[in-house]
Each structure stands twice: as C-alpha cells, then as structure tokens.
Protein chains: 2
Amino acid sequence: MDTIDLSLVELLRGNARLSYAELARQVGLSAPAVHERVGKLESSGVIRAYRAEVEPEAIGLGVTALIGIIEDSDADTDDVLEAFRQIPEIESCYFMAGVESFLLKARVGTIAELEQLIVRLNRTPGVASTRTGIALSTKWENRPQPLEPPTTS
Amino acid sequence: MDTIDLSLVELLRGNARLSYAELARQVGLSAPAVHERVGKLESSGVIRAYRAEVEPEAIGLGVTALIGIIEDSDADTDDVLEAFRQIPEIESCYFMAGVESFLLKARVGTIAELEQLIVRLNRTPGVASTRTGIALSTKWENRPQPLEPPTTS
DNA sequence: CACTCTCCGTGGACACGATCGACCTGAGCC
DNA sequence: GGCTCAGGTCGATCGTGTCCACGGAGAGTG
C-alpha cells in the first residue's frame, strides 16, 4: 500500500471504468504492472467492488428513509443483523454507539412500501422499537473524499 | 428505459467493470448496441458515475459518524448546504423531514478529527445544533437491491 | 565483495474488446 | 407505396487486456 496504490484507489474511486492502460499512464507505470497492483488491491479486500451509481428515482426507488433501531434488552444482535440482511430494501446498515443499536438506510418505491417495511422491522424478533426519518432529497451520496498521503497528521 | 436498459443497469450496479462485450452477451444484443444504450443511460443521468468501493480503514478513514443538523430558525438552507459541500469529510448529505434538517454521513481518520469536524459544523452559520452518532462498525453499505420490472405494484 | 533470492517492474506478442461507418429492418405517417 | 427515423447488425480497424520471458535493485549470507 504505497503512494502508487493510493493513486490507483483514488483514480478508481473517481471512475471505476478507467482502462488499465489509462491508469498506467496516470501513475507512470506499465499496464501489466498496474494490472497486477489492482489485482492485489482487489484480492486483499482494499477494493471491494466496482459499482455503477444510479439515480434512484430512475429505477423506481424514489423514497429514502433512515431508520434507527432500538433492540430488546435480551435481543441477540447477531440474529437481528441476520434478519436485516434478508431485507433487500436495506441498502446500508451501521452498528451504532448509543441507545439505537442500528441505523439503517433503506430505499423503497412508495410511502406504502415504506410502511410495510417499518411494520416488518417492528415485527422482527429482538427489535423493541424503530424511529424513522424520511429523506426529502438526497443532496449527494458517497462522494469520495480526496486521499491524503499516509501521514494522517 | 425498457427491460434491457434495466438489465444493463442491474449488471453495472453489480460490477461496473464489465466489458461491453460481456454485457452484450448477457442481454442478447450486439456490443455496439449495448455501447449506445449505456451511453444514453449515462448522458440522461440514470447512471451517474462508476465508483470503486473501497474498505475505508485501508485508506485511513476508520471513523464513521452520522450527524443530525438542526438549523437556526432564520437560517438560509441553501447557504448551509453550500457550506457542507465544502467539507470533504461529508460523504453523504440528506435533506430530511423533521426537526433535524439534514443528516450527514461523515468519515474521518480519528476521533480527534471527528471532534474538529463537529466544532466546524457547529460554527457554520445557520447551524443551531448538531447531534452525532458514531458507527462502531459498518455491516454493509450501498448494497444494490434487485430491480423489479416497472410494474412496481 | 560476490552470490542468490525475491520482488517488482518492463517489453513483446497475441487474442479480445471498443468503436466507427455502412447497411438493414420495422413502425409510423403522408 | 414510399419517406423517414430509431435502433439494430455486421465488418474492419485500432487500442487494450493479459500472458510470458526477461532484467535490475535491495536484503541476507558465506
């Protein structure tokens, strides 16, 4: 994980479809060298996936909600987590410090679907209560921040 | 935006680095046809970007926080938003219904940096108060959900 | 110091993919 | 019927991905 790897990661965070040849030009190496480095970044788990970022409304997911979850005092957190994993509408899941154990980001098509989702969450064993906030609009999401060299001072 | 476009979007959400030739095989069209369709999806804004998804810890961003913002009663929301846009640590920004006008997702390297960020947010003109929750771990993030055909009923 | 091992790179070769232009086909409309 | 347009296929060309053999720098060792 040196400076060149960091540059590659930054370039691919900006545009995941850059060709190896183009990456090679940008970092001053040959294409095979870049190919190997990126392969190692992938298999070591630094790069998890390459995803197209899509306008949610265009694919029928116009409603975004952020949902805090309070667990029962005797809940098994792993079971709750596993139940959440089965629910496709939950796009992100954070385990939080504080009263609310989880914060979920969910996307659905309609308010009616959101209602169903909340009911389902409240029925999930181990869930004591939920608190839902509706996003009126997403100003931006997953904006990559510029990477600083390892000197994080 | 027909069934084939939807398939292309779904394939690219799963793996943004698929070649046009591979996409063409999957949807049963020729490579040039797919090339043109994807180009239109990009220029019409359905596909916003292609991003590599990176393990945040690997690039020195080990601390994730979710921050609710309450605005001053006389705040100019656009100005506040613009101020947030200048802060690189804010990866996502949702405009919310409810008491808290915004919910921000931020990533920083250390708790000390988080402290600085919160101070900066509280100093931002128009911001009355903030409420920060710390994510102890990210179980998953931006998981693409399976697309259903346009009949969302 | 010389030797060797390893890591990490380069350059060449070749198959595959991207992309352009020419052409084809079916739908809608005079 | 004959135009026109949208959106496809095919073929050709050129750039890219990817495999492989080779080479240089640096660490460890006699």
Side-chain angles (χ1 to χ4, degrees), chain A residues 1-61 142 144 146-152, chain B residues 1-61 142 144 146-152:
Chain A
M1 196 64 193
D2 59 3
T3 313
I4 292 183
D5 282 341
L6 221 53
S7 306
L8 291 173
V9 166
E10 182 148 28
L11 287 165
L12 286 170
R13 288 221 296 172
N15 180 2
R17 279 181 79 80
L18 288 175
S19 68
Y20 292 115
E22 181 58 29
L23 291 169
R25 257 171 251 128
Q26 300 274 340
V27 302
L29 287 183
S30 64
V34 168
H35 186 258
E36 188 178 342
R37 275 171 176 267
V38 172
K40 283 182 183 168
L41 288 170
E42 290 167 0
S43 57
S44 71
V46 172
I47 295 179
R48 288 214 206 99
Y50 302 98
R51 301 203 180 290
E53 194 184 295
V54 173
E55 174 99 11
E57 290 79 7
I59 53 174
L61 297 174
N142 301 119
L147 303 182
E148 40 201 313
T151 58
T152 317
Chain B
M1 196 64 192
D2 58 4
T3 312
I4 292 183
D5 282 341
L6 220 54
S7 306
L8 291 173
V9 165
E10 182 149 27
L11 287 165
L12 287 170
R13 287 221 298 171
N15 180 3
R17 279 182 81 80
L18 288 175
S19 67
Y20 291 115
E22 181 59 29
L23 291 170
R25 256 171 251 128
Q26 301 273 340
V27 302
L29 287 182
S30 65
V34 167
H35 188 258
E36 188 177 342
R37 274 173 178 266
V38 172
K40 283 180 182 169
L41 288 170
E42 290 168 0
S43 57
S44 71
V46 173
I47 295 179
R48 289 214 206 99
Y50 301 98
R51 301 204 179 289
E53 195 185 293
V54 172
E55 174 97 12
E57 290 80 6
I59 53 173
L61 296 174
N142 301 120
L147 303 181
E148 40 202 313
T151 57
T152 315

*Hey, mind stepping through B:R25 and B:E22 against salt bridge (charged side-chain N to carboxylate O under 4.0 Å, His left out) and telling me if it holds?*
CA-CA 5 Å; B:R25 256 171 251 128; B:E22 181 59 29; 2.4 Å; yes

_Check the phosphate of C:dC16 against B:R25, side-chain N and O only, distance under 4.0 Å to OP1 or OP2. Yes or no?_
no

*Can you find a pair of side-chain heavy atoms, one from A:I59 and one from B:M1, that are under 4.5 Å apart?*
yes

*Among D:dT16, D:dT9, C:dA18, which is the nearest nucleotide to the side chain of B:S30?*
D:dT9

*Kindly point out which of C:dA18, D:dT16, D:dT18 is positioned nearest to the side chain of A:H35?*
D:dT18

*Which one, C:dT19, D:dT18, C:dG9, comes nearest to the side chain of A:R37?*
C:dG9

*What's the spacing between B:L61 CG and A:L147 CG if we round to 0.5 Å?*
7.0 Å

*Measure from the side-chain heavy atoms of A:A33 and tell me the nearest of D:dT18, D:dT9, C:dT10.*
C:dT10

*Whole-Å distance between D:dG17 P and A:E36 CD?*
15 Å

_Can you measure B:K40 atom NZ to D:dG8 atom P for me and round it to whole angstrom units?_
7 Å

*Calculate the interatomic distance between A:L23 atom CG and C:dG9 atom P; express it in whole Å.*
14 Å

_Cationic tip of A:R17 above B:Y20 ring, under 6.0 Å, 45° of axis_ = yes

*Name the closest nucleotide to the A:Y20 side chain, picking from C:dT10, D:dC10, D:dG17.*
D:dG17

*Atom CG of B:L29 and atom P of D:dC10: how far apart are they, to the nearest Å?*
11 Å

*Given C:dC8, D:dT16, C:dT19, which nucleotide is nearest the side-chain atoms of B:P32?*
C:dT19

*asked:* What is the separation between atom CD on A:E22 and atom P on D:dT16, rounded to the nearest whole Å?
replied: 8 Å

